[in-house]
A.B. asks: 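If you scroll down you'll find the structure; I have some questions about it.
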Amino acid sequence: MGHIVALDAEGHLVYDGLLSSKEIATIDEILNALKQEIPQIESDLEEAYGKSVLYKYNLGKFLGGLLTKYNISASERRKFWDEIKTFATKENRIRNEGTNAETRSFYGQCYRLSQFDQEVVEKLSWRQWQDILDRVGNREDARIFEWIRNKKEKIREDDWREFEKGLHLYLKDKDTSVFSDEELFGIYESILRMGQYWRIAFAQFSKDFPNSAKIKSKGRRSKKYQTMCFQLKRELHKPLDDEIYEKAFELAMA
């Protein structure tokens with residue numbers, strides 16, 4: 001495509017770069033096509049899939065076709081997604097997508113999602129996919145998607161959030177390429193169980209001590225719990241297990 005249109009501070013249409021009248025006409029033609037195609041495909045997909053993850057997956061497939069059709073380079077993708085958001089869609093998406101990273105753009109995430117097998121995509125909700133697409137480090141080792149594929153049951157939303165936070169904490173300064181598939185999948189499972197233990201234990205604590213002020217600091221104590229789990233793992237020279245989870249929870253709630 002070579003050039004993308006945008007809006008200036010006063011809301012006027014501007015073209016990036018010095019363009020000939022022919023180049024401007026070509027860009028206008030593409031923009032008009034997007035204004036027709038995007039609302040229609042979004043409407044059709046919503047009718048077929050609702051707002052489910054398959055809506056985003058199939059939208060990503062369509063967007064991939066646009067990248068090819070209009071010859072959008074990898075470096076231009078973020079601007080192209082912003083162009084669609086600004087000029088073509090009728091959807092009001094208020095999530096903060098940042099300004100530069102393609103990984104936070106809604107359309108960029110739909111496109112990235114479409115690169116996976118549908119079997120993998122359907123294992124997580126859209127919110128869960130957004131979590132993993134937002135955190136580059138958590139998906140840097142592509143084997144996490146094979147682990148997701150092999151999960152027999154869907155992961156609860158709250159367990160997934162704790163898993164994502166725990167994995168992010170664990171992966172700091174880690175080179176996962178040294179782990180075999182079995183070892184890495186075991187790490188994923190133990191971090192998932194760590195979050196599940198937290199959910200169950202905190203729910204029981206809230207039931208036993210409903211008036212405790214500690215309930216209001218759940219987020220901070222969750223982070224402390226995860227930190228203590230990994231600290232105890234190092235000190236005891238053993239994998240994460242129920243003994244560590246229990247001790248870490250006691251320390252986090254002390």
A.B. asks: Taking all non-hydrogen atoms of both residues, which atom of Phe163 and which atom of Tyr188 are closest, and how far apart?
C.D. replies: CE1-O, 3.4 Å

A.B. asks: Determine yes or no for a side-chain-to-main-chain donor-acceptor pair under 3.5 angstrom, with Asp117 supplying the side chain and Glu119 the backbone.
C.D. replies: no

A.B. asks: Please report, to 0.1 Å, the donor-acceptor pairs under 3.5 Å made by any side chain of residues 246-254, with sequence neighbours excluded.
C.D. replies:
none

A.B. asks: Is it true that Asp82 and Arg78 have a side-chain N and a carboxylate O under 4.0 angstrom from each other?
C.D. replies: yes

A.B. asks: Spell out, as yes or no, whether a donor-acceptor pair under 3.5 Å connects the side chain of Trp81 to the backbone of Ser105.
C.D. replies: no

A.B. asks: Please give me the minimum heavy-atom distance between Glu122 and Lys154, naming the atom from each residue.
C.D. replies: O-CE, 3.2 Å

A.B. asks: Step through the shown structure and confirm whether more than 12 heavy atoms of other residues, nucleotides or ligands are within 6.0 Å of CD on Glu47.
C.D. replies: no

A.B. asks: Given side-chain contact (heavy atoms from CB on, under 4.5 Å), test Trp147 with Leu192 step by step and report yes or no.
C.D. replies: CA-CA 12 Å; Trp147 175 73; Leu192 178 61; 4.1 Å; yes

A.B. asks: Rounded to the nearest 0.5 Å, what's the gap from CG on Leu232 to CD1 on Ile244? Could you check?
C.D. replies: 6.0 Å

A.B. asks: Only one of Arg104, Arg139, Arg161, Arg112 passes salt bridge (Lys or Arg N to Asp or Glu O under 4.0 Å) with Asp134; say which it is.
C.D. replies: Arg104

A.B. asks: Considering residues at least two apart in sequence or located in another chain, which fulfil the salt bridge (Lys or Arg N to Asp or Glu O under 4.0 Å) criterion with Lys69?
C.D. replies: Glu37

A.B. asks: Is a salt bridge present between Glu146 and Arg149, judged by a nitrogen-to-oxygen distance below 4.0 Å?
C.D. replies: yes

A.B. asks: Kindly state each residue pair satisfying salt bridge (Lys or Arg N to Asp or Glu O under 4.0 Å) with at least one member in residues 183-197, sequence neighbours excluded.
C.D. replies: Lys151-Glu189

A.B. asks: Nearest 0.5 Å please: distance from the CD1 atom of Ile191 over to the CD1 atom of Ile187.
C.D. replies: 7.0 Å

A.B. asks: When you look at Leu124 and Asp131, which way does the side-chain contact (heavy atoms from CB on, under 4.5 Å) test go after all the steps?
C.D. replies: CA-CA 10 Å; Leu124 299 179; Asp131 285 342; over 6 Å; no

A.B. asks: Strictly by modelled atom types, are Gln36 and Gln40 linked by a side-chain donor-acceptor pair under 3.5 Å?
C.D. replies: no

A.B. asks: Which atom names give the shortest non-hydrogen contact between Pro39 and Leu34, and what distance separates them?
C.D. replies: CD-O, 3.7 Å

A.B. asks: Is the shortest side-chain heavy-atom distance between Arg127 and Trp160 below 4.5 Å?
C.D. replies: no

A.B. asks: Counting only heavy atoms not in Lys51, do more than 12 fall under 6.0 Å of its NZ?
C.D. replies: yes

A.B. asks: Below 4.0 angstrom, N of the basic side chain to O of the carboxylate: do Lys165 and Glu162 qualify?
C.D. replies: yes

A.B. asks: Do the rings of Tyr225 and Tyr197 sit parallel, tilted or perpendicular, given the 30° and 60° boundaries?
C.D. replies: parallel

A.B. asks: I need the minimum non-hydrogen distance between Tyr245 and Cys229, along with the two atoms involved.
C.D. replies: CD2-SG, 4.0 Å

A.B. asks: What's the separation between atom OG1 in Thr86 and atom NZ in Lys79, rounded to the nearest 0.5 Å?
C.D. replies: 13.0 Å

A.B. asks: Can you tell me how far NZ of Lys56 sits from CH2 of Trp129, rounded to the nearest 0.5 angstrom?
C.D. replies: 14.0 Å

A.B. asks: Got a second to check how far Lys123's NZ is from Phe145's CZ, nearest 0.5 Å?
C.D. replies: 14.0 Å

A.B. asks: Any chance you could lay out the side-chain contact (heavy atoms from CB on, under 4.5 Å) test for Tyr111 and Arg77, step after step, and finish with the verdict?
C.D. replies: CA-CA 10 Å; Tyr111 172 69; Arg77 283 179 192 167; 3.7 Å; yes

A.B. asks: Nearest 0.5 angstrom please: Lys233 NZ to Leu240 CG, how far?
C.D. replies: 6.0 Å

A.B. asks: Heavy atoms only: give me the nearest Met194-Phe230 pair and the separation to one decimal.
C.D. replies: CE-CZ, 3.9 Å

A.B. asks: How close do Ser125 and Glu157 get, counting heavy atoms only, and between which atoms?
C.D. replies: OG-OE2, 2.5 Å

A.B. asks: Taking Lys85's backbone N and O only, do any of them form a donor-acceptor pair with Thr89's side chain (distance below 3.5 Å, no angle check)?
C.D. replies: no

